[in-house]
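All values below come from the heavy atoms of this structure, side chains included, with hydrogens, waters and symmetry mates left out.
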Amino acid sequence: QVQLVESGGGLVQPGGSLRLSCAASGFAFSNYAMDWYRQAPGKERELVAGVSNGGFWTNYADSVKGRFTISRDNVKNTVYLQMKSLKPEDTAVYYCHRNGPVDYWGQGTQVTVSS
């Protein structure tokens, strides 16, 4: 029943912005910390950002700190990743992830940063 559905990816020029959304259903959303991961071709999946269940604690990979912002709306059961000043090295499939003893992942959304 757990479902995570990402949206908002696309093709953008370097320096541009995108906001990714992850719509969650099938579980008590506010009980779980949520993360965004990304995976580029030939590379391991890496943690981009995380947010606590109440939205008050966040952490970021050094490569995105100051450019990306993770947030959540526990009324809408949605977690967001606001991305600005995008770079070609941000190109990857971005995945929504639920923290817990059992991991759940979304299907991923492609972000391509290219001129």
S.K.: I need the full list of disulfide bond (SG atoms under 2.5 Å apart) pairs touching residues 53-87, with sequence neighbours left out, sorted by first then second residue.
M.R.: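 Of all non-adjacent pairs touching residues 53-87, none passes disulfide bond (SG atoms under 2.5 Å apart).
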S.K.: Ignoring hydrogens and angles, write down the donor-acceptor pairs under 3.5 Å from the side chains of residues 11-30, residues two or more places apart or on other chains.
M.R.:
none

S.K.: Provide the full list of disulfide bond (SG atoms under 2.5 Å apart) pairs with a residue in residues 42-85, sequence neighbours left out, each pair given once.
M.R.: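 Applying disulfide bond (SG atoms under 2.5 Å apart) to every pair that reaches into residues 42-85, excluding sequence neighbours, yields nothing.
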S.K.: Using the salt bridge (Lys or Arg N to Asp or Glu O under 4.0 Å) rule, collect all pairs that involve residues 93-103, keeping only residues at least two apart or in two chains.
M.R.: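 Passing the test, one end in residues 93-103: no pairs.
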S.K.: Considering residues at least two apart in sequence or located in another chain, which fulfil the salt bridge (charged side-chain N to carboxylate O under 4.0 Å, His left out) criterion with Lys65?
M.R.: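 Salt bridge (charged side-chain N to carboxylate O under 4.0 Å, His left out) list for Lys65, sorted by chain: Asp62.
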S.K.: Taking disulfide bond (SG atoms under 2.5 Å apart) as the cut-off, I'd like each qualifying pair that reaches into residues 26-87, sequence neighbours left out, listed once.
M.R.: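 Those involving residues 26-87 do not exist here.
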S.K.: Taking only residues two or more places apart in sequence, or in another chain, which ones meet Tyr60 in a ring pair (Phe, Tyr, Trp, His ring centres under 6.0 Å)?
M.R.: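 Partners of Tyr60 by the ring pair (Phe, Tyr, Trp, His ring centres under 6.0 Å) criterion come out as none, since no residue qualifies.
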S.K.: Holding to side-chain hydrogen bond (donor to acceptor under 3.5 Å, both in side chains), I want the full list of residues that pass it with Asn99, two or more places apart in sequence or in another chain.
M.R.: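 Asp35.
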S.K.: Can you name the side-chain contact (heavy atoms from CB on, under 4.5 Å) partners of Val51, sequence neighbours left out?
M.R.: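 Checked Val51 against side-chain contact (heavy atoms from CB on, under 4.5 Å); matches are Met34, Thr58, Ile70, Arg72, Val79.
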S.K.: Can you list everything that forms a ring pair (Phe, Tyr, Trp, His ring centres under 6.0 Å) with Tyr37? Sequence neighbours excluded, please.
M.R.: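 Ring pair (Phe, Tyr, Trp, His ring centres under 6.0 Å) list for Tyr37, sorted by chain: His97, Trp105.
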S.K.: In the hydrophobic cluster built from side-chain contacts under 4.5 Å, what are the other members alongside Val75?
M.R.: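 Its cluster mates, by chain and number: none.
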S.K.: So, using side-chain contact (heavy atoms from CB on, under 4.5 Å) as the criterion, who are the partners of Ala92 when residues are at least two apart?
M.R.: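 If we apply the side-chain contact (heavy atoms from CB on, under 4.5 Å) test to Ala92, skipping adjacent residues, the hits are Arg38, Ala40, Tyr94.
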